[in-house]
There are 2 protein chains.
Amino acid sequence: MEKELDTVAKYLKEHDFKLTNQRRKIIETVFVSHDHFTADDLYDVLREKGESISKATIYRTLSLLCESGLVESRDFGRGQLYYEHVLGHDHHDHLICNGCGKVVEFKNADLEKLQGKVAKARGFRIESHSLRLFGRCKACR
Amino acid sequence: MEKELDTVAKYLKEHDFKLTNQRRKIIETVFVSHDHFTADDLYDVLREKGESISKATIYRTLSLLCESGLVESRDFGRGQLYYEHVLGHDHHDHLICNGCGKVVEFKNADLEKLQGKVAKARGFRIESHSLRLFGRCKACR
DNA sequence: ATATTTGCAAATTCTTTGCAACTTA
DNA sequence: TAAGTTGCAAAGAATTTGCAAATAT
């Protein structure tokens with residue numbers, strides 16, 4: 001947590017942003033969680049901790065963290081964005097169960113390599129990608 | 001066009017839905033386009049043709065077409081859904097330019113095969129997938 | 001000090017829904 | 001004519017924004 005806070009603090013300083021109490025609390029919460037969460041989830045967790053931070057600030061801070069590259073947003077097709085921190089996480093993709101909604105992370109180097117090849121062949125330089133496999137997990141067959 | 005209309009008509013009949021004028025016009029427009037379009041785009045094209053069909057009907061018909069499997073929705077991360085018909089189109093994925101917004105379709109069998117393997121290894125049966133490569137096209141470097 | 005940030009409430013944007021009038025089969 | 005469909009306007013849901021008061025550096 002200390003490390004993450006420092007990393008964000010550095011980013012803030014470099015950009016002339018301020019490390020407010022609200023941002024500190026949000027950061028402490030975001031980087032402790034190793035799950036996907038929505039803006040609303042984050043709002044609720046903070047309230048449970050006794051911190052009532054406005055939705056506006058939650059949204060503003062999340063987009064700031066996304067710009068910093070320390071957090072990424074994911075669209076699982078549920079009408080709202082999910083977030084997840086990527087500090088110390090390698091990039092990964094997602095398997096999403098259409099039955100129970102379970103999300104399983106995976107990574108596969110061959111897949112990434114192949115993607116790079118495809119993009120190159122079309123004259124694109126990849127900056128990011130999103131691969132979502134929708135289907136049914138064993139329990140939901 | 002005739003073929004597509006028939007296919008949709010058959011789907012409608014099977015489900016006790018009716019082929020209304022509005023649906024016919026929408027279908028005629030959707031299956032003529034070979035591009036990605038939003039609900040709003042569709043609304044505008046129809047108005048240009050002199051057909052003023054309500055947004056509500058546009059949305060209802062698009063979701064009906066998605067359920068039928070004849071149209072698919074795509075999320076290019078622009079805050080609204082894009083649609084595209086898949087009749088006579090093979091499945092494909094998308095390269096999206098972060099510079100100019102250009103969308104290039106591609107398909108790669110090896111990629112799909114590999115995805116299947118990954119899913120299987122995790123006990124998932126894939127029902128669909130979405131792969132989006134975000135980056136910069138040659139012109140936007 | 002002063003520029004940034006916050007919270008609030010209002011505004012936006014995309015999409016969905018209730019309902020009475022109207023079509024289609 | 002019965003059931004499904006339409007348009008309208010209102011409702012929803014998620015997110016963004018304007019602004020005055022508060023806060024960090």
Side-chain angles (χ1 to χ4, degrees), chain A residues 5-6 8-30 36-47 50-68 71-84, chain B residues 5-6 8-30 36-47 50-68 71-84:
Chain A
L5 188 53
D6 285 353
V8 180
K10 195 177 144 214
Y11 175 85
L12 293 174
K13 189 165 289 180
E14 279 168 3
H15 294 259
D16 286 316
F17 293 147
K18 293 174 179 174
L19 182 53
T20 61
N21 262 309
Q22 289 89 329
R23 285 181 180 163
R24 199 191 326 270
K25 297 299 180 194
I26 290 175
I27 292 161
E28 282 168 1
T29 307
V30 164
H36 308 100
F37 58 88
T38 63
D40 238 56
D41 293 339
L42 180 53
Y43 177 80
D44 290 341
V45 171
L46 285 162
R47 298 209 73 214
E51 309 291 340
S52 85
I53 297 176
S54 73
K55 289 258 174 79
T57 297
I58 302 267
Y59 277 110
R60 283 188 278 229
T61 304
L62 283 173
S63 63
L64 185 155
L65 291 172
C66 286
E67 275 160 34
S68 80
V71 167
E72 284 178 8
S73 65
R74 317 273 184 202
D75 186 337
F76 296 139
R78 301 193 195 136
Q80 72 202 287
L81 288 179
Y82 283 72
Y83 297 86
E84 141 180 52
Chain B
L5 189 53
D6 285 355
V8 180
K10 194 177 143 211
Y11 174 86
L12 294 174
K13 189 165 288 178
E14 280 168 2
H15 294 258
D16 285 317
F17 293 146
K18 293 175 179 174
L19 181 55
T20 61
N21 261 311
Q22 288 90 328
R23 286 183 178 161
R24 199 191 327 270
K25 297 299 181 195
I26 290 175
I27 292 161
E28 282 169 2
T29 307
V30 164
H36 308 99
F37 58 88
T38 63
D40 238 55
D41 293 339
L42 180 53
Y43 177 80
D44 290 340
V45 171
L46 284 162
R47 298 208 74 214
E51 308 291 339
S52 86
I53 298 177
S54 73
K55 289 259 174 78
T57 297
I58 302 267
Y59 278 110
R60 284 188 277 230
T61 305
L62 282 173
S63 63
L64 185 155
L65 290 172
C66 286
E67 277 160 32
S68 81
V71 166
E72 284 178 8
S73 64
R74 317 272 183 204
D75 186 336
F76 296 139
R78 300 193 196 135
Q80 71 202 290
L81 289 178
Y82 283 73
Y83 298 85
E84 141 181 52

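Note: hydrogens, waters and symmetry copies are ignored here, and every other heavy atom, side chains too, is used. A note on names: the letters A, B, ... follow the listed sequences, proteins ahead of strands, and every chain is numbered from 1.
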Report the residues that fulfil side chain to side chain donor-acceptor pair (under 3.5 Å) with [X], sequence neighbours left out, ordered by chain and then residue number.
{"X": "B/Ser68", "result": "none"}
{"X": "A/Tyr82", "result": "A/Arg78"}
{"X": "A/Thr61", "result": "none"}
{"X": "A/Ser63", "result": "none"}

Just jot down the side chain to side chain contact (heavy atoms under 4.5 Å, CB included) partners of A/Tyr83, sequence neighbours excluded, or say none.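 Here the qualifying residues are A/Phe37, A/Leu62, A/Cys66, A/Val71, A/Ser73, A/Leu81.
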Going by the rule side chain to side chain contact (heavy atoms under 4.5 Å, CB included), which residues pair with A/Asn21 if we only count those two or more places apart in sequence or in a different chain?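 Result, side chain to side chain contact (heavy atoms under 4.5 Å, CB included) vs A/Asn21: A/Arg24.
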Check every strand shown and say whether B/Asp40 touches a base, only sugar-phosphate, or nothing at a heavy-atom separation below 4.0 Å. nothing
Give every donor-acceptor pair under 3.5 Å between a side-chain atom in residues 12-20 of chain A and any protein atom, sequence neighbours left out.
{"residue": "A/Thr20", "atom": "OG1", "partner": "A/Arg23", "partner atom": "N", "Å": "3.1"}

Could you check how far [atom1] of [X] sits from [atom2] of [N], rounded to whole Å?
{"X": "B/Lys18", "N": "C/dT24", "atom1": "NZ", "atom2": "P", "answer": "9 Å"}
{"X": "B/Tyr83", "N": "C/dT15", "atom1": "OH", "atom2": "C1'", "answer": "8 Å"}
{"X": "B/Asp41", "N": "C/dC14", "atom1": "CG", "atom2": "P", "answer": "11 Å"}

Please tell me if the side chains of A/Glu72 and A/Glu84 come closer than 4.5 Å, counting only heavy atoms from C-beta onward. no
Could you check whether any side-chain heavy atom of B/Tyr43 comes within less than 4.5 Å of a side-chain heavy atom of B/Thr38, counting everything from C-beta outward?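 Side chain of B/Tyr43 against side chain of B/Thr38, heavy atoms only: no contact under 4.5 Å found.
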5' priority, DNA chain C, between B/Asn21 and B/Thr38 [closest heavy atom]: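 The residue closer to the strand's 5' end, by nearest nucleotide, is B/Thr38.
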Hits for salt bridge (Lys or Arg N to Asp or Glu O under 4.0 Å) against A/Asp44, two or more places apart or cross-chain, chain-then-number order -> none
Which residues pass the salt bridge (Lys or Arg N to Asp or Glu O under 4.0 Å) test with B/Glu67, not counting sequence neighbours? none
Tell me, which of residues 57-67 of chain A have any heavy atom that sits under 4.0 Å from an atom in DNA chain C? A/Thr57, A/Arg60
Taking any atom closer than 4.0 angstrom to a non-hydrogen atom of chain B, what span of DNA chain D does the protein reach, first nucleotide to last?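 Counting from the 5' end, contacts occupy D/dA3 to D/dC8.
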Please report the end-to-end axis angle for the helix from C/dA1-D/dT25 to C/dA25-D/dT1, five pairs per end, rounded to 10 degrees. 40°
Mapping B/Ser52 and B/Asp16 onto DNA chain D by nearest heavy atom, which one lands closer to the 5' end?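 On the 5' side of the pair lies B/Asp16.
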